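The next block holds one structure in the form of structure tokens; read it before the comments.
Below, chain A is the first sequence line, B the second, and so on; all start at residue 1. No experiment lies behind these values; they were computed from the predicted model shown.
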Number of protein chains: 2
Amino acid sequence: MKRITIKDVAKKLNVSVSTVSRAFNDKYDIKEETKDLILATAKSLGYRPNPIARKLIQQRSYNIGIIVPEFVNSYFPDVIMEAQKVLIDKGYQVLIMQSHDSSETELKNLETLLDNMVDGLIVSLIREDDNIEKYKELVDAKMPIVFFNRVADKLDACKVVFDDFKWAFFATEHLILQGYEDIVYLSGPKHMKLSLNRIMGFEKAHRKHKREVGKIIPCGFYMEDGAAAAKLMIETNNVPRAIFAANDHCAIGAMRVFKEYGYNIPNDVAIVGFTESRLAEHIHPTLTTVEQPTKDIGITAANLLIEQLENKGMFVPQTIVLNGRLNVRESSVTH
Amino acid sequence: MKRITIKDVAKKLNVSVSTVSRAFNDKYDIKEETKDLILATAKSLGYRPNPIARKLIQQRSYNIGIIVPEFVNSYFPDVIMEAQKVLIDKGYQVLIMQSHDSSETELKNLETLLDNMVDGLIVSLIREDDNIEKYKELVDAKMPIVFFNRVADKLDACKVVFDDFKWAFFATEHLILQGYEDIVYLSGPKHMKLSLNRIMGFEKAHRKHKREVGKIIPCGFYMEDGAAAAKLMIETNNVPRAIFAANDHCAIGAMRVFKEYGYNIPNDVAIVGFTESRLAEHIHPTLTTVEQPTKDIGITAANLLIEQLENKGMFVPQTIVLNGRLNVRESSVTH
DNA sequence: AACAGCATCGGTAACGTTTCCGAAAGTAGT
DNA sequence: ACTACTTTCGGAAACGTTACCGATGCTGTT
């Protein structure tokens with residue numbers, strides 16, 4: 001069962017391969033009738049253009065690489081899959097890589113993607129500084145890249161980001177308005193801009209309401225991190241009235257420990273998460289959290305990349321800030 | 001910044017392109033010294049072999065397609081990412097597609113993968129019957145395929161499966177040994193072999209302990225499904241003493257509703273899940289569940305596929321059954 | 001009638017590899 | 001010294017497509 005090539009179609013109709021190629025590429029210099037005829041017989045022969053040959057001659061791989069830190073939180077799969085949809089429709093192929101929170105793996109991933117001759121990249125960084133020279137090289141060499149979620153200021157490239165400052169502000173203000181004094185922020189790693197932005201939002205909310213800014217404790221994005229932080233609070237007798245967590249997983253990890261130790265949520269400790277996860281509605285108590293527009297992020301990143309690929313050269317990098325929503329649920333509202 | 005080709009390397013050393021190719025492909029008919037020399041200078045020139053040209057001449061895409069139903073449960077990302085690791089090491093590229101529980105999307109995914117000339121496939125089916133003719137065609141045409149998780153009996157292909165029968169049996173027996181009468185199984189869709197196998201395990205455990213087989217209620221794999229089932233039980237006054245759920249998400253959805261209605265778990269209703277999820281340890285009460293060896297499943301599937309790709313033609317399809325573990329936690333043990 | 005311009009097509013080089021065939025030189029056996 | 005074989009390499013075809021250049025025939029204008 002040999003694969004049918006463009007030559008077979010050409011021979012069948014006694015036309016040249018160029019004409020068949022023209023038919024398949026919607027060129028202007030071909031008669032409408034012959035085009036239809038060619039497409040029809042091609043279909044009946046079961047001909048599919050060989051994408052590899054096309055890539056070779058066009059000097060484009062039609063490969064797009066995506067690098068994300070992890071797949072544990074549903075955030076990344078959600079945005080990636082949405083981006084992939086857009087890209088596949090445009091004829092691109094998507095290669096997905098996880099860095100597992102390691103900058104070395106990130107670099108390795110980058111290398112394998114480059115070996116595969118990706119035409120462009122969509123990246124969420126592990127740390128802002130670690131592989132920055134490598135990315136800078138790529139950006140300087142006009143490689144189309146879109147960063148999202150975790151971005152680096154120093155890179156002059158396209159970025160799709162969430163307004164972390166604003167929504168951290170709203171989340172914190174929500175806790176303040178509920179009347180809680182003593183609010184602690186379990187922050188993400190401080191080397192991430194997104195963490196710093198949220199910290200600023202956290203502080204601003206306090207200042208607006210003339211409160212002393214609550215304690216900021218560096219934490220992480222996984223359940224274990226939240227659990228460890230909660231345990232430490234309990235053991236050192238430092239349980240605050242309310243907690244604003246780095247994300248939902250972190251919040252849920254903390255909630256588990258508090259509940260184990262007999263604390264009631266929200267009556268003893270109120271809690272709000274970040275980056276709405278699939279669990280937020282399904283745990284007890286349901287979790288107040290900030291919803292990020294994962295679909296929009298994916299779609300926007302993909303579209304920005306496509307624009308870059310199509311107008312290579314004359315393209316000014318832009319940063320797009322997307323909006324969110326605060327989903328208020330039981331974990332933060334005392335009755 | 002033109003990409004450096006094999007010709008540039010050849011010219012630099014005054015050797016032929018064939019020799020350079022030989023150096024990079026570990027061929028026998030090349031002197032060790034010249035090989036080392038070539039590799040060294042190639043590296044210094046920054047030469048990377050163009051994978052697309054290689055694919056064209058070798059008539060292989062080095063593309064592997066993976067089709068899974070969804071990414072909501074962490075099960076699929078876990079096995080896929082593990083499979084990808086193995087495949088990338090062997091020089092393959094992985095294309096990941098979600099079918100979103102729709103057979104039509106599955107078929108569409110299959111078509112795009114074929115358009116991309118995948119050399120092989122790893123598939124978890126939506127339904128056993130829906131696209132079976134298409135898959136049969138591919139299998140008959142000697143396309144290397146490995147099915148996992150959701151497989152079809154009618155297809156004579158490689159399969160990597162979990163011993164659903166055995167572990168449903170153990171999970172049920174665990175509930176019986178805890179002394180619970182009246183155990184209900186919230187089963188997965190009946191069109192899936194895996195559901196039927198688990199039902200048989202559920203029944204066998206009852207028979208072994210001379211019990212009347214508990215009720216089997218068709219459910220689904222998402223939290224909503226479990227929640228809906230629980231709500232129905234409560235409203236129709238049919239709450240059993242224990243529940244064996246289709247998977248963890250289903251179990252957690254049910255738990256949420258029960259807790260909302262004031263039921264205590266496990267003292268009023270005991271519950272066990274299936275396919276250990278990241279939440280099992282982190283919800284309250286912690287969830288007893290059956291752990292599937294996701295990593296092994298991914299690795300095994302990838303290796304089976306590679307074997308097939310390398311010994312195309314003379315390869316007998318085999319089915320590999322992998323083992324699991326019952327993680328007993330709070331949700332099923334009354335104190 | 002001469003010419004420009006357009007529409008439509010064919011032929012061929014090119015993309016960067018690998019693979020096949022054969023050549024050259026060296027080695028060993030007789 | 002002749003043959004046979006091995007080692008090491010070069011040349012060229014091939015993979016399937018697209019892009020470029022040119023050829024042909026037709027239409028319309030002067």
Rounded (10°) bend between the five-pair end axes of the helix from dA1(C)-dT30(D) to dT30(C)-dA1(D): 50°
Summary of ring-ring contact (aromatic ring centres under 6.0 Å, His included) pairs that have at least one residue in residues 93-131 of chain A, sequence neighbours excluded: none
Gln59(A) side-chain N/O to dT18(D) phosphate OP1/OP2 under 4.0 Å: no
Short side-chain N/O contact from Thr34(A) to OP1 or OP2 of dT8(C), under 4.0 Å: no
For Asp129(B), the option from Lys193(B), Lys134(B), Arg150(B), Lys154(B) that meets salt bridge (charged side-chain N to carboxylate O under 4.0 Å, His left out): Lys154(B)
In whole angstrom, give the distance that lies between atom [atom1] of [X] and atom [atom2] of [N].
{"X": "Glu32(A)", "N": "dT8(C)", "atom1": "CD", "atom2": "P", "answer": "9 Å"}
{"X": "Leu56(B)", "N": "dA14(C)", "atom1": "CG", "atom2": "C1'", "answer": "12 Å"}
{"X": "Lys31(A)", "N": "dC26(D)", "atom1": "NZ", "atom2": "P", "answer": "11 Å"}
{"X": "Lys55(A)", "N": "dT17(D)", "atom1": "NZ", "atom2": "C1'", "answer": "13 Å"}

Ring centre gap for Tyr92(A) and Tyr62(A) strictly below 6.0 Å: yes
Phe148(A) and Phe162(A) aromatic centres sub-6.0 Å: no
Please report, to 0.1 Å, the donor-acceptor pairs under 3.5 Å made by any side chain of residues 35-43 of chain B, with sequence neighbours excluded.
from, atom 1, to, atom 2, distance (Å)
Lys35(B), NZ, Asp26(B), OD1, 2.6
Thr41(B), OG1, Leu37(B), O, 3.2
Thr41(B), OG1, Ile38(B), O, 3.1

Nucleic acid contacts of residues 35-46 of chain B, taken as heavy-atom distances under 4.0 Å to DNA chain C: none
Electrostatic pair Lys295(A)-Asp78(A), nearest N-O below 4.0 angstrom: no
salt_bridge(Glu111(A), Lys108(A)) N-O dist < 4.0 Å: no
Check: Gln84(B) side chain, Val79(B) main-chain N or O, donor-acceptor pair, under 3.5 Å: no
Donor-acceptor under 3.5 Å (Asp8(B) side chain, Thr5(B) main chain): yes
Of all pairs that satisfy side-chain hydrogen bond (donor to acceptor under 3.5 Å, both in side chains), the ones with a partner from residues 65-77 of chain B, not counting sequence neighbours: Glu70(B)-Asn73(B), Asn73(B)-Asn247(B), Asn73(B)-His249(B), Tyr75(B)-Asn149(B)
Shortest non-hydrogen separation from Leu322(B) to Val160(B) and the atoms involved: CD1-CG1, 3.8 Å
Protein proximity profile, nucleotides 17-28 of chain C - base contact B, sugar-phosphate-only contact S, no contact -, cut-off 4.0 Å on heavy atoms: BBB---------
Sugar-phosphate, base or nothing in reach of Asn14(A), heavy atoms under 4.0 Å: sugar-phosphate
